[in-house]
Structure formats: structure tokens, C-alpha cells
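See below for the structure under consideration.
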Amino acid sequence: MYKQGIDKIGYPELEKNILKFWKENSVFEKSVESRPKEKPFTFYEGPPTANGKPGIHHVISRTLKDLICRYKTMKGFRVERKAGWDTHGLPVEIEVEKALGIKSKSEIPQYGVEKYNKACRDSVFKYLDLWNEMTERMGYWIDLDSAYVTLTNDYIESVWWALKTLFDKGLIYKDYKIVPQDPKSETVLSSHELALGYRETKDPSVYVLFKIANKDEYFLVWTTTPWTLISNVALAVGADVNYVKVINKEKKIILAKDLLSVLDEEYKIIEEMKGSELEGIDYEQLLPYVKTNKKSFFVCLGDFVSTEDGSGIVHIAPAFGADDYELSKKYDLPMLQPVDRGGKFTDEVIDFKGQFVKDADKEIIIKLKKEDRLYKKETIVHTYPFCWRHPDVPVIYYARESWFIKTTSVAQKMVELNKSIKWQPPEVGTGRFGNWLEENKDWALSRDRFWATPLPIWINDDWEMFAVGSIEELKQGFIEENGKRIPVGEAENIDLHKPFVDKVLFEKDGKIYKRTPELIDVWFDSGSMPFAQYHYPFENKEWFEKNAFPADFISEGIDQTRGWFYTLHAIASMLFDNVAFKNIIVNELILDKKGLKMSKAKGNTVDPFVLFEKYGADAARWYLVVNSPPWRPTLFDEDGLVEVQRKFFGTLLNTYSFFALYAGIDGFKYEEEQIALEKREEIDRWIISKLNSLIAEYESMMDDYNVTKAARAVSEFTIDYLSNWYVRRCRRRFWKSEMNENKLSAYQTLYECIDTICKLTAPFTPFIAEEVYQNLNTVTKKESFISVHLADFPVKGKIDRELELKMDTAQNIVYLARALRAKSNLKVRQPLKKLMVVVSEDKKDAVLNMKDVILEEVNIKSLEILENESSLLNKTAKPNFKNIGPKFGKIVKLIADRISRLSIEEISEIEKENNLTFNLNGDEISISHDDVEIISKEVTGLLVESEGGTTVAIDTELSDELIAEGLAREFVNRIQNMRKDAGYEVTDKIKVVYSGTNKLADAIKIFSNYISAETLAEQLEYSERLNGGVVRDWKIGEHNCKIQIEKIST
RNA sequence: UCUACGGAAGCUUAACUGGUCUAAGCAUUCGUCUGAUAAGCGAAAGACAGUUGGUUCGAGUCCAACCCGUAGGACCA
């Protein structure tokens, strides 16, 4: 029989049972295998790093991924889902350094790269168990056993294949680039890391004099980094900027005219010129520590020069600034870099060698002052980036040689391809991602670290190079050991990592090739996952090309825009001339309830495990999707979660419980023939039509990847239509009569609704959907699936718009009538004589049709439709702007005003003739029925309520009989309450004894049959002597009474 | 400085292609229904829709400028 009381078990417990069921029956595997191979829906999992703990933000993206995949499965697609792990890169190294107590990069070779990388390898799965546990617990179906792992030889080999392909296409090159770097760890900082470290700091702000060659004149130059002056090779001015030569402090000084205010003391302008006139002027090297080998120390033109601050003359040190470097290429300037990667001056700078550059600032200034080259020195407070891991260490911009991928050469193609991707929300695709592509810069590929995929490029002394694209090719190389060459093919363990690959040498045409020492950006790893996860092209070649590329769907957080989304897109564009993914849902951050970012420091993080334990995974999944669209920053609020859980889950489970209760009593197992829709009650046809509308809307939303709207539609149907109207309206059908066709059709209808809701919610809340579905299906055996997740998506049936509208009208009238009752203080239990309704012509049928429903809902005896012609009505007209706007344009206001003052006669005319002509300021104006909305107002003093063209009035006059019936109903209500309080079963028969006023007793006598039937009272008698059973005093209106009920044993 | 998103009731959000007292939920007060529901229904109160202009007969909605918030990018000699 149907399982009872599932709403009493806690959700977490329920979910754990379901998890067990899934596992024992391999439901996930079956859900994949039961779908045809020829109908794939391709999904890519973005690999997380398992050396950090999973958080709530992982729950949201995994919910999205899971629900789309489950939905597509139900739609008949085969959705292979391979998990993946990102295992390389700096995040891993940082953790390991911490654990090993390594403080700077240079300590690593001493420690031993082999040992170090082993430690990295061991640490990458530090939290794997936790991740797996979360994945499983939240019901995220993905194949963890066959997960791809970026550190395996197979995976790296595929990445190498990609790199070689790009190399052979000429897309990989080596160049200098000015990069922000952390001098302490000697690592390049990504822009993301850089952004973490900006803060206010004090720096020297110095004005320096550069002496013009062979003249006693000076350029005034401003800088906040005096240490870069040593590496100065040129000065830059703006071509169109106005400059002046002034006499100031007895010196001839050149600076921008707009910045004269920086000068101390009086000055006299002796000459004006454009920046372009200054180009080419030579000057003397300021701090001649380093010799140059190219033409240097002259004035250049730079479009980046501004007169915002400084002097309008910018000092150029190509190794330490991006603008500077660009300019140096243009003017073929030398690059002076007397600073090592640790940010210390090299030996050439004899006075400051070994000093950290920032620390040398002071002494450099003193030196300049001694040489009379310091114009003035101030201190400036500005924001400057510091290393986020070492808060006291300023970032140094530093020229480094790096490998690049020439993504700019495919930028246009990437932009084009992007246009075919469906982004949800669209603005991320066009905006953030689109802009990024438009402003594409070459991809800085190399990293000077230890734990990552090695760059497979081998170089000889003559700078000839080639790329290795497979293990097979690597085997052509050899390793030297004790002076002997051992072919790589004979090596014991080929490990495509440092230090092994660095030992491999090649000899070609007598030249020895050695691997360039760099590793690659980890993002290249994850961006290669479409093919590398299948070890393409070494294995699965056909499968990949046919079934696994590009992805139909991916979903991750917005932070991946310039990360994974970009690398996937770039690599696919370059290698396959195609997109990597066709549809994408981007989720935003999850903030705490106040809208603040969650962080460990603030202590406002939400532990997913705690959440699952407290409310269950379904609740978290549902809340994150329903509460606000996932691509909007979501404020996470536990109270909100509780609310959606109570509302939606509570209602769904309760609707099921209701069904289970009565279906159990009646032994309904859906064994009977299905009753044809036409033979069912109108309300049955109505809810089925609503259900079909829901399926249609759900499908279109889901196919549009608008998951929030789909979920909300399900929620609305379940709560408002099914529970609060259908079930409530139909309760009697379930518990009153004997089994007959009417009752059967109620059962079948409700069953179908719940069954379908299970299937629609299954992608979102897989546990509860499973529970309810199984409870239904194991009894009825209607479907052969052991799990809702193996079931097919429901087939949409006929939608009866007309019927839906009819019911809307009826509901509308009911709400209005209830409002009237509330206003006049007439409880619904008090029956009333007459309900009068005025509706537009097209709704009259609907009202007559729904008469019984309406009357029963509002407990009124009769319904009368007042004809428009009735003298009871006072009508007014309202302008319908949608129509008259386009029709009358500018004079619409006048017309509207006139319409609202139409007389009753005029309104009748327009109703009859569908046309009315009147004079307005001399113009003949003609309006039709469509141009106005006619509202009726009762004038006979009855209560009236109206909305949207429907007007309702009730006759509040009470006859003795109506009052008696009202009392009887109240009496029933009290007995029912007592039954419930006493804990009687709904089928228990009882005996009722009561006492009270004469009037009440009379009413009870008149309606004794009704009362007995409603309360299952076998006996109903008046007596002053009450004893036994349950006794209680009541007050019904002004009538006191005593009621005693007692269960009759059968 | 650029780009995107957001700014509405105490809070969270909704409103298709512009249509005239902006809607719902939560919270508050009062009332009410119930033989499924920790539910439902009704009433009261609560928003000058960030600001200022513009287009239009009509703007929460379209356009422009600005302010505030969030995220991202550029720059910081």
C-alpha cells in the first residue's frame, strides 16, 4: 500500500535512503546506458582542484550542471558525465610550500625538484574524499570513477599534442613581456592575484633633472620609482602636448606648460614648443652604471604621455614598464635590466648591488641630490599592488622572457565563433566575454615553476627548436647517465613532469637539443579537457569527433569567464576551428544574507555539509535555483531556504499524503481502465489542462536554459492550482461517496498530476521526486522504471485554454465574494441567499458553467447573472488606452476624460451599436466598444466588489432557515475539531451528545442528517447529562453549548 | 577611466513586444477557512520606481547624462 507519513521523516534521512537505493541499483549508470548512443548530449565538467575544500558556491554550479543533465536524460539523450580534477599549478605549489616550510622559490631546487613534485602529486587529492562525499551527497550525478586527471601521462600527452599542433602552426613564440611579479617567490602574478593586493602606500615622488647633451638645459622628469632611473634609456613626451622652456632656480628647464604649477619659486618662460619638436634630442645618462649597446638617451614620442600629473616628460625604463617596453620596440631602444628576479640590483650597479630595489630608493635620491640632479622630493600616497601572499612586499614590474600563444591571430575567429554560443545570461557572452575577446592579448603560456605540464619544446644552441607531441616522439630522445646514452624508450618510468623530461635530450644533425625549462599555464590544462579527457588523438579518435565535441552544455561560475571559458574557447578555436561549447549557464557569486561576500575571515561562510545535514540537499538545490536566477548574485539566507522548503516540499508531500491516505482506504491502485478525459469532471479536465500547460512552459524554459522560470512554474502549479484549488475543491470526492466513476476519475487525475510533478521536479530535487514517484509507482506498477530518473519526460496532452479561462473567471468571482463576506462580517459558514454577478458577455457562459463550483466555494444558495440592461446597475466606462492611444494620438487625454464621463445612455448605446459618436471641441469623434471598458456598480445598497470588468454583489439578508443552517455548520466544525484533537481516524464512527440553547438545538434537529453525515455520527442526541468520551464547552455565536463525542467500536 | 549587472514596500523578488491606482512572498495588525497541509483566504498599512533630462498621446520599461552598489578590465611614468 502507499507509504504513509513520509512528511514526518526528516528530509536528510529520506535522502540518505534514496542515495542508498541509487547506489545499490546503479541508477545513475542505468540512466546513461538506457539512452541510445546515437543521441548524445555532451557535457563537460570543469575540473576543480581537490586540494581545497568544497564550498556552497560549488553546490550551485553543480546543481545547475546536474539538473540540465538529468533533464536531458529524461528527454531521451545519452548524457555521459565524466568527472575531472585539476591537479597542476601554483595553488598546489603554494599549499606544498606551506606544508614543507619552503619560503622562497630558490629553496626548491635545493630541496629537490623530484621530491618537491612528489609532494605536490601527493597533495592534490588532499580533499578528494570530501569532494566525492559532497558530490554524492548533493545528488550530483557524475562518473567519479573514470574521472580525468590532468597529471596523468595520458592527459599530458594530449596536451602536448595540442601544443605541438599549435607550435607547428607557428602560433607559439618566445618574447619579452613586462609582468608583475612577486620578488619573493620570483613568480609572475596573474592579474587576478594582482588585484588582490592593491592598497594605499607612501612612495617617494621625485622630480629629476636630465641634462641635455652639450647644453646647459634640463628636462624635468617625475617618477615614483627612483630605482628605475638606473635603467633609464629614453624620455617620452606627447607629440601634441605644449612644452615650455623656463628659467627657474637659475636653470633652464623644460616641462609641460600645463604643469608649470609643480615648479618651486618664480619662473620665466623663454620658449614654447610642441612635444613633436623635442623628438630626437639627446641627453646625458643620469646614473651611468650600465652601458648600452644601442642608440639611447634621446627623446621619444609616446601617446601615453599625459599632463595629469608629473611634469609631462616620462622616463622610460623598458624592462620595468609595459608602456616603456612597447616604446622601446618602436624606437629600437636597448633594455637595461640590472635587477635580478628577486628584485635586487645586480653587480653592475656597484653602489647598490644586492639591495632590494625599493630599499635603494632613499640612497638613490641622496646620490641625485649630491649631483645636483634632484629638483625636488615629495611623498605621495597612492594605491600600489603588493603581493597578496606577502603583504609587505611590493610587486615589481619586470621584463621576463616568456612563451606566448599568438591568440591575437585567431581573435577575429574567436569573436565570430562566440556569436553562435548561447549564453545564459546573454550579457556575459556579449559583454564580459565578448569584450575580452575583442581586446585579446597573446596568451602568456609559460611559467617558471615546477609542478605543471612541461612545455614540450626542445632547443639547440643555435636557437633551432621543435616541439614534441607524443610519448612516441619523446622516445626518440635519450637520457645521459654516467656518460652513457640511454634511449628514453628504455627508461623505467616515463613521467611527463619535471625533472624527468628535463633529462631528455635529442640529437639531430649532430646538434643537441635540450628542453626549454618552462612549464605551461595550468589553464591550458583545463582548456584542453575536451580532447585530453579522452586521450585524443591517441585513443577514442572517432568517438571524440563524433560524440564528444563540442559540448552541448557547460556551466560554471562567472569567475571562469577569463579562465576556463576562455581557454576552452581559445584552444577549440585554434585546434578545431570550432566552439568548445554550444550552451552555457554562468552562475554568479553567492553572498551572505546581507549581500556581503562570503569569506572565512568574516565567518559568514556556509558549510554545504551542515546545510545538507540540517535541511537536505534538495532544499539547498531548490532554493539556489528558485530564489533568484543563478546568474544574479544570490543572497543566501537560511530563513528563505526554510520557507521554500516548507512551502513547496511541504505542499507536495502533503498532496501526496492526502492521495495516499484515501487511495489506501479505497484500495485505488490504478488498475482500472483509464477514464477518458471527456468523461471526467470539469475540474479534472481543468487541472489536466493546467498540467499540460505547465509541461509546455517547463519544456520551453528548460530548452532555453532558463531554469529558474521552469522551477517557479512547477512550484506555482503545485501550490496554487493543484493543492489549493484542485485538491481542496475535490476533497469530498475522495472521502465521501463509494467508489464510482466520479471518484475514480478524481483519483486518476490527482495521480497523474503528482506523477508528472515528480518527473518535472526530478532534475531539480532528485531525492524527493524519487521518493514520491516510487511510492506511487511501486503500488500501481504503471511504469516499469525503478526510478523516476529513468523515466521518460511526460508527454504533453491537450490544453483547453477556454476551460482554463472559465476557471479563472470562477476563481475571480469567488475571491470577490469572499472579500465581500469579510467586509460585512459574514463568515463563510453562514449560508447566504443570493450571489449576483455582472460579467462581460463573453464570460457569461463560463459563470453559468461554473455555477456549482462558485456557489459551493462561497456557500451561497443561488447565483444570478444580472443583465446589463438591469436597472440595478450603474455603469461607468473606463478608457482602454491600448486601443485609443494609437487611434487618437495627441488628443488621447481629452478623449479619455470624455470617456470616463460617459452617461448611462451613452454607454448603453455603445454596448448596443458598438459605436458612439460625440462632439469634442468641434470635432466629431467616434469610438467603438473596444475602446472602452465598462464597469458596473450596484446602486441598490447591496455590497459590491469589482475587478477587471467583473462585479459581484451579495444579498446579505438572512432568513431563519439560513441562520439555522449556519449554526449547523458551526456545530459540525466544532465536532470535527474535537475529532481531530481526540486523534480519531477519519473513518471512525462516533456518538455525539450535546446540550445548548433552544435555538441551537432546533437548528441541530433540522439539520441532523447533514450533521451526522459530515461527522460520521451514528448517534446524535440532546442531553443535559454528559459523561464519557470527550467533552468540551463551546460558544457558537451567542449560543453556549456542550459537546461530547465518543468513538463507537465496531 | 572603461565594460557589464543592479538600484522599486522594512526585506526578497516579479512584470511578454511601452498602455495609465505596479504585483507577489516574507514580516506587522486584524479577520477568516479547514476532516490533507508548520498551509490557504481576506482586510489594513506600507514604494514620490536612484537623480535629472529626452523620445512618446502615454515610460519602471526606450534614449542620454549623472549618483550609489557589485563584479570585471585598463592604467598607476
Side-chain angles (χ1 to χ4, degrees), chain A residues 7 191-192 195 198 221-225 228 235-236 302 304-306 308-311 313-317 320-324 382-385 425 427-428 430-432 434-436 439 558-559 561-562 588-589 591 593 595 597 627-629 631-633 635 637 639-640 642-644 646-647 650-662 712 719-720 723-725 727-728 731-732 734-735 814-815 818-823 825 827-829 878-896 972-973 975-977 979-980 984-987 1014-1016:
Chain A
D7 45 342
S191 52
H192 169 72
Y198 274 95
V221 173
W222 177 66
T223 182
T224 55
T225 49
T228 59
L235 296 176
F304 50 86
V305 176
S306 78
E308 292 290 307
D309 43 25
S311 65
I313 303 176
V314 177
H315 117 79
I316 300 297
F320 302 104
D323 283 337
D324 310 39
H382 65 162
T383 54
Y384 191 86
E427 64 267 13
V428 176
T430 53
R432 193 180 281 211
N435 290 349
W436 174 252
E439 294 168 19
I558 185 131
D559 51 325
T561 308
R562 292 184 169 85
E588 254 283 358
L589 291 170
L591 309 166
K593 99 196 231 187
K597 238 189 203 174
N627 183 51
S628 72
W631 45 86
R632 289 267 290 275
L635 307 185
D637 179 10
D639 295 341
V642 172
E643 193 191 316
V644 292
R646 201 172 57 210
K647 274 220 147 116
T651 306
L652 175 60
L653 286 189
N654 198 258
T655 306
Y656 164 77
S657 301
F658 175 85
F659 169 84
L661 176 65
Y662 293 106
R712 283 178 178 166
I719 297 169
D720 292 343
S723 172
N724 286 336
W725 191 258
V727 174
R728 200 170 50 81
R731 269 177 305 194
R732 281 172 177 267
F734 290 94
W735 58 266
V814 168
Y815 295 144
R818 289 221 190 99
L820 282 176
R821 276 184 172 275
K823 269 188 189 159
N825 232 337
K827 293 183 174 186
V828 178
R829 283 194 214 100
K878 247 178 87 180
N880 180 6
F881 280 95
K882 221 169 190 166
N883 262 339
I884 62 173
K887 207 156 152 188
F888 297 109
K890 286 205 194 263
I891 55 168
V892 76
K893 282 217 164 122
L894 294 171
I895 309 251
V972 167
N973 169 260
I975 295 173
Q976 305 291 34
N977 284 340
R979 285 186 61 120
K980 209 173 172 184
Y984 293 178
E985 291 299 318
V986 293
T987 45
E1014 288 291 310
T1015 60
L1016 301 185

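Every chain is numbered from 1, with letters handed out A, B, ... down the list of sequences.
The side chain to side chain contact (heavy atoms under 4.5 Å, CB included) check on A/A236 picks up A/F304, A/V305, A/V314, A/I316, A/L327, with sequence neighbours excluded. Take A/T655 and apply the side-chain hydrogen bond (donor to acceptor under 3.5 Å, both in side chains) test, not counting sequence neighbours, and it matches no residue.
Nucleic acid contact for A/N973: sugar-phosphate only, since backbone atoms but no base atoms lie under 4.0 Å from a heavy atom of the residue. Residue A/R712 is classed as a sugar-phosphate contact, given heavy-atom separations below 4.0 Å to backbone atoms only. Using a 4.0 Å heavy-atom cutoff across all strands shown, A/Y656 reaches no nucleic acid atom at all. Among the atoms of the strands shown, base atoms are found under 4.0 Å from some heavy atom of A/S723.
We find that CH2 of A/W436 is positioned 7 Å from P of B/G73, with the value rounded to whole Å. Atom pair A/L653:CG and B/U37:C1' shows a separation of 10 Å (rounding to whole Å applied). Distance, A/D720 CG to B/U37 C1': 14 Å, rounded to whole Å. At whole-Å resolution of the value, CD1 in A/I558 and C1' in B/U3 are 12 Å apart. At whole-Å resolution of the value, CH2 in A/W725 and C1' in B/U37 are 18 Å apart. Rounded to a whole Å, the CZ atom of A/R728 is 10 Å from the P atom of B/U34. The nearest whole Å value for the distance from the CG atom in A/D324 to the P atom in B/C75 is 12 Å. One can place CZ of A/F881 at 11 Å from P of B/A59, the figure rounded to the nearest angstrom.
Of the candidate nucleotides B/A36, B/A77, B/G19, B/A77 has the atom lying nearest to any side-chain atom of A/H315. Counting only heavy atoms from C-beta on, A/W222 has its side chain closest to B/A77 among B/A4, B/G19, B/A77.
With both ends at atom P, the span from B/G40 to B/C26 equals 6 Å, rounded to whole Å. The gap from the P atom of B/C2 to that of B/G19 amounts to 33 Å, rounded to the nearest Å. A distance of about 23 Å separates the C1' atoms of B/C16 and B/U12, rounded to the whole Å. Nucleotides B/U22 and B/G46 place their P atoms 14 Å apart, quoted to the nearest Å. Rounded to the nearest Å, the gap between the C1' atom of B/U1 and that of B/U61 is 30 Å. Across the C1' atoms, B/U17 and B/A59 are found 15 Å apart, a figure rounded to whole Å. A gap of 9 Å separates the C1' atoms of B/A45 and B/U28, to the nearest Å. Rounded to a whole angstrom, the distance from the C1' atom of B/C68 to that of B/A77 is 32 Å.
When the nearest nucleotides of RNA chain B are assigned to A/T655 and A/I316 by heavy-atom distance, the more 5′-ward of the two goes with A/T655. Along RNA chain B, the nucleotide closest to A/Y662 and the one closest to A/V221 are compared, and the more 5′ of them pairs with A/Y662.
Using Watson-Crick or G-U wobble geometry with both donor-acceptor distances under 3.5 Å, B/A9 finds no partner in any strand shown. Remark: B/U22 base-pairs with no nucleotide in the shown strands. Criterion, Watson-Crick or G-U wobble with two distances under 3.5 Å. Using Watson-Crick or G-U wobble geometry with both donor-acceptor distances under 3.5 Å, B/G42 finds its partner in B/C30. Across all strands shown, B/U70 pairs with B/A4; the Watson-Crick or G-U wobble distances both stay below 3.5 Å. Of the nucleotides present, none pairs with B/C48 by Watson-Crick or G-U wobble criteria with both distances under 3.5 Å.
At the phosphate of B/A38, neither OP1 nor OP2 sits under 4.0 Å from any side-chain N or O atom of A/R646. Between A/T224 and B/A77, a side-chain N or O to OP1/OP2 separation shorter than 4.0 Å is present.
Residues A/Y656 and A/T651 fail the side-chain proximity criterion, which asks for heavy atoms closer than 4.5 Å. A/V727 is listed as a side-chain neighbour of A/F658, based on a closest heavy-atom distance under 4.5 Å.
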Evaluation steps, side chain to side chain contact (heavy atoms under 4.5 Å, CB included), between A/W725 and A/V814 = CA-CA 12 Å; A/W725 191 258; A/V814 168; 4.2 Å; yes

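A/R646 contributes no side-chain N or O that, together with a main-chain N or O of A/E643, makes up a donor-acceptor pair within less than 3.5 Å.
For the atom pair NE2 (A/H315) and CG (A/L235), the distance works out to 9.0 Å, reported to the nearest 0.5 Å. Atom OG1 of residue A/T225 and atom CZ of residue A/F320 lie 9.5 Å apart, to the nearest 0.5 angstrom.
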Please list, for nucleotides 23-25 of chain B, all pairs of protein and nucleotide N/O atoms separated by less than 3.5 Å.
{"residue": "B/G25", "atom": "O3'", "partner": "A/K647", "partner atom": "NZ", "Å": "3.0"}
{"residue": "B/G25", "atom": "O2'", "partner": "A/E643", "partner atom": "OE2", "Å": "2.8"}

